[in-house]
Amino acid sequence: MPELPEVETIVRGLRKTILGKRIKEVKFLCPGIVKQSSVSFICQTVGQKVKDIKRRGKNIVICLSQDNAILVHLGMSGHLLYLCPDRKVDKHDHIIFRFLGDVKELRYNDPRKFGKMRFVDLKTCPDLDKLGPEPMEISEKEFVDLMRKRKGRVKSVLLNQKVLAGIGNIYADEVLFEAGINPLKKIDQINTVKLRGLRKSIGKILAKAMRTGGSSIRTYTDLSRKMGRFQLSHKVYGREGKPCKRCGVKIKRIVINQRSSYFCPRCQKP
DNA sequence: AGTTCCCTGAGG
DNA sequence: CCTCAGGGAACT
């Protein structure tokens, strides 16, 4: 479900709601989202104060002390909701956090259970260390050098979290349209000028998506169930058969890595 | 670098 | 009934 802009929106929401609060209670309604044992997770988190909340790729990092944090990855269908405890518990509410002196609580809801949560030591955290650089922070030279080390289709490269962290299926398609690059194009067939343009497109699309609260296609909402608005600006994603907003030609859908890919056959020639 | 599978719900 | 869905780990 959530890519970089959606996760960033959630992180900003968490800063406004739980930053500085002390964890009073953690309830597990469904084990399995947390990979370690429920008991040890509770021992390590209850009583700790939320010192900071950050994002790394598509991960939410809830920092509890200098070196410890709760890592949350929302998978395809994970949500965090900040609501009153009297709200009826949903079938897919799996974990509930309560904070000292807080009238509301934080719930992790995830129908497909692809999401993961874990208590980690930030000094040696493979989940974060294996990720590539943040796409909004990489310099032009670093970006071109990074792409030059890769082969295969440009879309597969953009989706690979070890190369760049945070881009998923929606934003890969929107970025490639913005850059005028066909998703099937081999990365080593793209010249340097075009690669610089690709980096610029990544920055532009992700920045606008963050400004507008991310994309709500089916289920994504922020902490208070508010929808994003970037889906209104999608040029290609989910628009098979509809006219290209730039040239009018019908948007095509193909499958790459078992995922739908949308592009304009005229604006993004092979 | 490219498949297979994890899991549940929505929509045709 | 079938196919599809903002992800990614573990295989080949």
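Below, each value reflects all heavy atoms present in this structure, side chains not excepted, and no hydrogens, waters or symmetry copies. Bear in mind that the values here come from a model prediction, so they are computed numbers and not experimental data. In what follows, chains carry the letters A, B, and so on, assigned in the order in which the sequence lines appear, proteins first and then strands, with residues in each chain numbered from 1.
Closest-nucleotide positions on DNA chain C for Asn169(A) and Asp127(A) were compared, and the one nearer the 5' end corresponds to Asn169(A). Each of Arg150(A) and Gln258(A) was assigned the nucleotide of DNA chain B with the nearest heavy atom; the assignment lying further toward the 5' end belongs to Arg150(A).
Checked by atom type and distance alone, the side chain of Glu174(A) pairs as donor or acceptor with a backbone atom of Lys235(A) at under 3.5 Å. Of the possible polar contacts, one joining the Glu142(A) side chain to the Ser139(A) backbone as a donor-acceptor pair under 3.5 Å is found.
Between the P atom of dG9(B) and the CG atom of Asn109(A) lies a distance of 11 Å, rounded to the nearest Å. Across the protein-nucleic acid pair, Glu240(A) atom CD and dA5(C) atom C1' stand 15 Å apart, rounded to whole Å. The distance from atom CG of Asn257(A) to atom P of dC11(C) is 19 Å, rounded to the nearest whole Å. Between Leu159(A) atom CG and dT3(B) atom C1' the separation is 15 Å, expressed in whole Å. Atom pair Arg218(A):CZ and dC4(C):P shows a separation of 12 Å (rounding to whole Å applied). Between the P atom of dC5(B) and the CZ atom of Arg259(A) lies a distance of 17 Å, rounded to the nearest Å. Note: CD1 (Ile167(A)) to C1' (dG8(C)) measures 16 Å, nearest angstrom. The separation between Leu71(A) atom CG and dG7(C) atom P is 17 Å, rounded to whole Å.
In this model, a side-chain donor or acceptor of Arg112(A) finds a partner on the base of dA5(C) within 3.5 Å.
Nucleotide dT3(C) forms a pair with dA10(B), judged by Watson-Crick or G-U wobble geometry with both contacts under 3.5 Å.
Gln161(A) has no side-chain polar atom (N or O) that falls below the 4.0 Å cut-off from OP1 or OP2 of dG7(C). The shortest distance between the side-chain N/O atoms of Lys113(A) and the OP1/OP2 oxygens of dT8(B) is below 4.0 Å. For His73(A) and dG7(C), the shortest distance from a side-chain N or O to OP1 or OP2 is not below 4.0 Å. The phosphate of dG7(C) has OP1 or OP2 within less than 4.0 Å of a side-chain N or O from Lys58(A). Distances shorter than 4.0 Å separate some side-chain N or O of His92(A) from OP1 or OP2 on dG9(B). Here Lys116(A) does not reach the OP1 or OP2 of dC6(B): none of its side-chain N or O atoms lies under 4.0 Å away.
When all heavy atoms of Arg211(A) and Arg229(A) are compared, the closest pair comes out as O-NH2, 3.8 Å.
Annotation: side chain of Val72(A) is not in contact with side chain of Ile10(A) (no heavy-atom distance under 4.5 Å). A heavy-atom distance below 4.5 Å is found between the side chains of Tyr82(A) and Ile18(A).
Both thresholds, 5.5 Å between centres and 30° between ring planes, are met by Phe114(A) relative to the base of dG7(C), so the two rings are stacked.
Tyr220(A) and Glu3(A) form no side-chain donor-acceptor contact under 3.5 Å, judged by distance and modelled atom types alone.
As judged by a 4.0 angstrom heavy-atom cut-off over every strand, Lys91(A) is placed among residues touching the sugar-phosphate backbone only. When heavy atoms are screened at a 4.0 angstrom cut-off, Pro111(A) is found touching the sugar-phosphate backbone but no base atom. Counting non-hydrogen atoms under 4.0 angstrom, Lys186(A) reaches nothing in the nucleic acid. At a threshold of 4.0 angstrom between heavy atoms, the contacts of Ser260(A) are confined to the sugar-phosphate backbone, with no base atom among them. Residue Gly168(A) is classed as a sugar-phosphate contact, given heavy-atom separations below 4.0 Å to backbone atoms only.
To the nearest whole angstrom, the two P atoms, one in dT3(C) and one in dT4(B), are 15 Å apart. Nucleotides dG8(C) and dG9(B) place their P atoms 22 Å apart, quoted to the nearest Å.
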